[in-house]
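First the proteins, then the strands, lettered A, B, ... as listed; each starts at 1.
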There are 2 protein chains.
Amino acid sequence: MGVELWHEAELLAADAVGDVIEHWGFRKVLGRVWTVLYLSGETLPAVDIADRLSMSAGSVSTTLTELQRWAVVKRVWKPGERREYFEAETDFWKMISKVIAERERFVARSVRDRLESAAELLGRGRDAGSKARLERVQRLLAFTNVAEKMIDTFVASRRADFGSFGDLLSLPRGITQRLRRA
Amino acid sequence: MGVELWHEAELLAADAVGDVIEHWGFRKVLGRVWTVLYLSGETLPAVDIADRLSMSAGSVSTTLTELQRWAVVKRVWKPGERREYFEAETDFWKMISKVIAERERFVARSVRDRLESAAELLGRGRDAGSKARLERVQRLLAFTNVAEKMIDTFVASRRADFGSFGDLLSLPRGITQRLRRA
DNA sequence: CACATCGTTCAGATTTTTCTGAAAGTTCGG
DNA sequence: CCGAACTTTCAGAAAAATCTGAACGATGTG
């Protein structure tokens with residue numbers, strides 16, 4: 001009875017986080033699995049996750065591997081225990097920072113490179129069409145460079161100045177109430 | 001001949017932008033179509049876009065409609081002309097601001113609501129499991145609220161302070177060189 | 001008014017993503 | 001060395017996203 005109560009809440013939260021994560025371009029399950037681990041507050045074996053989220057063992061395995069790749073879940077070996085346990089990273093800041101560092105930066109670079117190729121091609125053209133387009137590709141490049149610099153700064157400092165809220169990300173306890181209607 | 005040169009560059013750039021856009025959770029074509037319009041520097045009829053990107057008329061139509069919904073492309077009626085023309089929004093800042101305002105804010109709210117429901121459920125539980133989870137759901141909520149506040153501030157000011165690069169987003173000409181290796 | 005030119009819509013086809021379940025791999029106790 | 005308890009891998013199934021093409025609607029033209 002009591003168990004069913006928090007289980008329902010857990011699914012609700014897991015699904016909500018799943019949506020955010022999907023919005024960031026990952027699969028929903030990644031968010032769900034992380035949330036179950038996070039909410040449990042302790043390490044869990046893969047089977048427990050499969051049970052709670054009604055997933056197949058294979059899917060859980062794949063998902064956990066991917067979560068580890070993003071350093072969002074850690075594998076914990078317990079001496080004497082046959083099975084392995086998994087633990088959620090709890091530092092939101094660290095997680096976001098990691099994702100931005102790896103993913104966003106990669107995309108930004110890849111795009112800049114291609115835009116530069118395009119600019120190079122257009123630079124060769126003598127016709128009006130090429131000239132007109134070159135100028136606009138350069139604007140795109142300028143924008144890309146700004147974005148790239150922002151990302152680098154963000155990642156390097158691990159604490160870019162988003163307005164004045166940066167500090168809150170390290171989540172002091174009990175702040176929920178104050179923020180709720182702030 | 002000359003035409004083929006810039007056409008190739010155009011496709012290259014369009015594809016690069018398409019990838020960024022896909023990374024943001026939209027379809028690649030949205031980025032491609034916008035880019036073709038942006039680079040052309042003038043208004044274009046739907047057919048031209050279909051030709052340049054080898055898309056079906058239907059797909060172009062759907063895509064243009066969606067781009068208009070995001071205020072990233074405008075429809076332009078030319079007196080005396082039978083067909084309609086389309087024009088790309090060129091203000092990157094305005095576009096991003098719009099997307100964040102509509103999309104991110106929506107997700108943030110939806111997630112917060114669901115997390116609050118979960119917290120409410122957990123608050124009823126008397127068992128240890130519920131209590132332990134409640135605390136963590138509240139941390140998620142605190143984080144969500146911070147994110148929401150950031151988004152609101154960003155959108156309200158239309159110029160949040162991302163490091164010290166905010167100003168550059170309005171792209172003064174010729175800045176490309178300076179930034180390239182800065 | 002019949003015709004020609006476009007844009008829109010949407011059912012069905014195609015492609016891509018994601019999941020499942022079974023087989024194979026690993027580790028440990030006996 | 002065998003069997004039990006787990007995990008990983010991956011081919012094929014299932015589901016989701018995306019695109020095409022044809023039918024239709026609208027608008028202007030002769």
Can you check the [X] [atom1] to [N] [atom2] distance for me, whole Å?
X     : N      : atom1 : atom2 : answer
B:D51 : C:dG7  : CG    : P     : 11 Å
B:E84 : C:dT8  : CD    : C1'   : 11 Å
B:Q68 : C:dT8  : CD    : C1'   : 12 Å
B:I49 : D:dC19 : CD1   : P     : 15 Å
A:E81 : C:dG29 : CD    : C1'   : 14 Å
B:R69 : C:dT8  : CZ    : P     : 16 Å
B:K28 : D:dT18 : NZ    : C1'   : 12 Å
B:K78 : C:dT5  : NZ    : C1'   : 17 Å

If you compare every side-chain N and O of A:R82 against the phosphate oxygens of D:dG3 (OP1, OP2), does one of them come in below 4.0 Å? no

Q) Taking OP1 and OP2 of C:dG7, is either one under 4.0 Å from a side-chain nitrogen or oxygen of B:S61? A) no

TODO: Go through the N and O atoms of the side chain of B:R27 and the base of D:dA17, and report whether any donor-acceptor pair is under 3.5 Å.
DONE: no

Q: Compute the ring centroids of A:W93 and A:F154, then answer whether they are less than 6.0 Å apart.
A: yes

Using the benzene-type ring in the case of Trp, are the ring centres of B:F26 and B:W70 under 6.0 Å apart? yes

Winner on side-chain proximity to A:R83, out of C:dC6, D:dC6, D:dG21, is D:dC6

Closest of D:dT8, C:dG21, D:dG21 to the A:S56 side chain is C:dG21

For a quick check of understanding: with a heavy-atom distance under 4.0 Å over all strands, which category does B:V60 fall into, base, sugar-phosphate or nothing?
nothing

Ranking A:W77 and A:F26 by the position along DNA chain C of their nearest nucleotide, the one closer to 5' is A:F26

Per nearest nucleotide of DNA chain D, the residue lying toward the 5' end, A:T65 or B:S59, is A:T65

Taking for B:M55 and for A:G58 the nucleotide of DNA chain D with the nearest heavy atom, the one nearer the 5' end belongs to A:G58

Polar side-chain atom of A:T35 near backbone of A:G31 as donor-acceptor pair, under 3.5 Å: yes

message = Using a 3.5 Å distance criterion without hydrogens, assess whether the side chain of B:S40 forms a donor-acceptor pair with backbone atoms of B:L37.
response = yes

Here the gap from B:L5 atom CG to A:R133 atom CZ, rounded to the nearest 0.5 Å, amounts to 11.0 Å

